[in-house]
Amino acid sequence: GEDVEQSLFLSVREGDSSVINCTYTDSSSTYLYWYKQEPGAGLQLLTYIFSNMDMKQDQRLTVLLNKKDKHLSLRIADTQTGDSAIYFCADSMDSSYKLIFGSGTRLLVRP
Amino acid sequence: GAVVSQHPSRVICKSGTSVKIECRSLDFQATTMFWYRQFPKKSLMLMATSNEGSKATYEQGVEKDKFLINHASLTLSTLTVTSAHPEDSSFYICSASRLAGGPHEQYFGPGTRLTVT
């Protein structure tokens with residue numbers, strides 16, 4: 001079945017850039033997503049990218065997609081302490097809109 | 001915006017009892033709702049897909065008789081954990097897809113933490 005993998009933990013200093021990486025196996029993915037989860041809360045959609053795009057920028061967020069390598073990354077510029085959370089990448093199956101989530105990357109921003 | 005609520009946010013129940021969790025889309029109509037389960041420090045695992053007016057589609061390994069899903073209207077889906085046991089303790093999250101929305105139009109509720117004692 002489909003699989004989405006992420007590194008588990010990332011620590012950065014406030015003001016630095018954060019890069020969270022994700023790999024997926026489903027070659028028929030149409031949309032790929034980044035979600036943010038704060039402690040004890042649900043998921044907040046940060047951004048998404050259509051599979052025929054290489055890059056998408058949205059304020060401090062930049063998503064890069066390498067479809068050949070099935071690699072997705074999320075770059076957060078000027079990382080703030082409020083960005084500390086768990087970040088999930090997800091892959092959608094076109095026919096049903098089901099999302100397959102990665103294991104999540106816990107981002108810790110140090111002052 | 002598109003807001004999804006869940007009720008209750010937190011519930012503690014005794015082993016053997018049943019618990020109902022509600023998922024509501026507050027300001028939009030949702031043809032499809034999804035139920036996920038999240039274990040501590042783990043990813044979300046899709047349990048079932050719920051379509052309004054029809055039976056839910058369960059993922060492999062999810063017991064349909066234990067996790068009853070009802071999607072009675074375009075704004076409400078319920079998940080009932082029947083005869084709950086301690087291993088059912090988890091964080092349950094629903095999401096709702098907006099009617100005629102695209103794949104990215106999936107909005108998540110805040111989650112319900114279930115503790116079975």
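Residue numbering restarts at 1 for every chain, and letters A, B, ... go by the order of the sequence lines.
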query: So which part of Leu44(B) gets closer than 4.5 Å to some heavy atom of chain A, the side chain, the backbone, both or neither?
result: both
- prompt: Does Ser43(B) use its side chain to pair, donor to acceptor, with the backbone of Gly102(A) at less than 3.5 Å?
  reply: yes
message: Report which part of Gln44(A) has an atom under 4.5 Å of a heavy atom belonging to chain B: side chain, backbone, both, or neither.
response: neither
- prompt: Hey, mind stepping through Leu43(A) and Tyr36(B) against side chain to side chain contact (heavy atoms under 4.5 Å, CB included) and telling me if it holds?
  reply: CA-CA 11 Å; Leu43(A) 274 69; Tyr36(B) 295 85; over 6 Å; no
query: Take atom NZ in Lys64(B); do more than 12 heavy atoms of anything else shown fall under 6.0 Å from it?
result: no
message: Taking the side chain as everything from C-beta on, heavy atoms only, tell me whether Leu99(A) gets closer than 4.5 Å to Phe34(B).
response: no
message: With a 4.5 Å cut-off on side-chain heavy-atom distances among I, L, V, M, F, W and Y, is there a chain of contacts connecting Val11(B) to Val4(B)?
response: no
- prompt: Would you find more than 12 non-hydrogen atoms of other residues, nucleotides or ligands less than 6.0 Å from Arg10(B) atom CZ?
  reply: no
query: Which atom names give the shortest non-hydrogen contact between Tyr35(A) and Gln106(B), and what distance separates them?
result: OH-O, 3.8 Å
query: Which atom pair, heavy atoms only, marks the closest approach of Gln37(A) to Phe91(B)?
result: NE2-CE2, 3.9 Å
- prompt: If you draw a 6.0 Å radius around NE2 in His71(A), do more than 12 non-hydrogen atoms from other residues or ligands fall strictly inside?
  reply: yes
More than 12 heavy atoms of other groups within 6.0 Å of Glu87(B) CD: yes
field: Hydrophobic cluster membership, Phe67(B) vs Leu76(B), 4.5 Å side-chain cutoff
entry: no
field: Gln38(B) portion near chain A, given a 4.5 angstrom heavy-atom threshold
entry: side chain
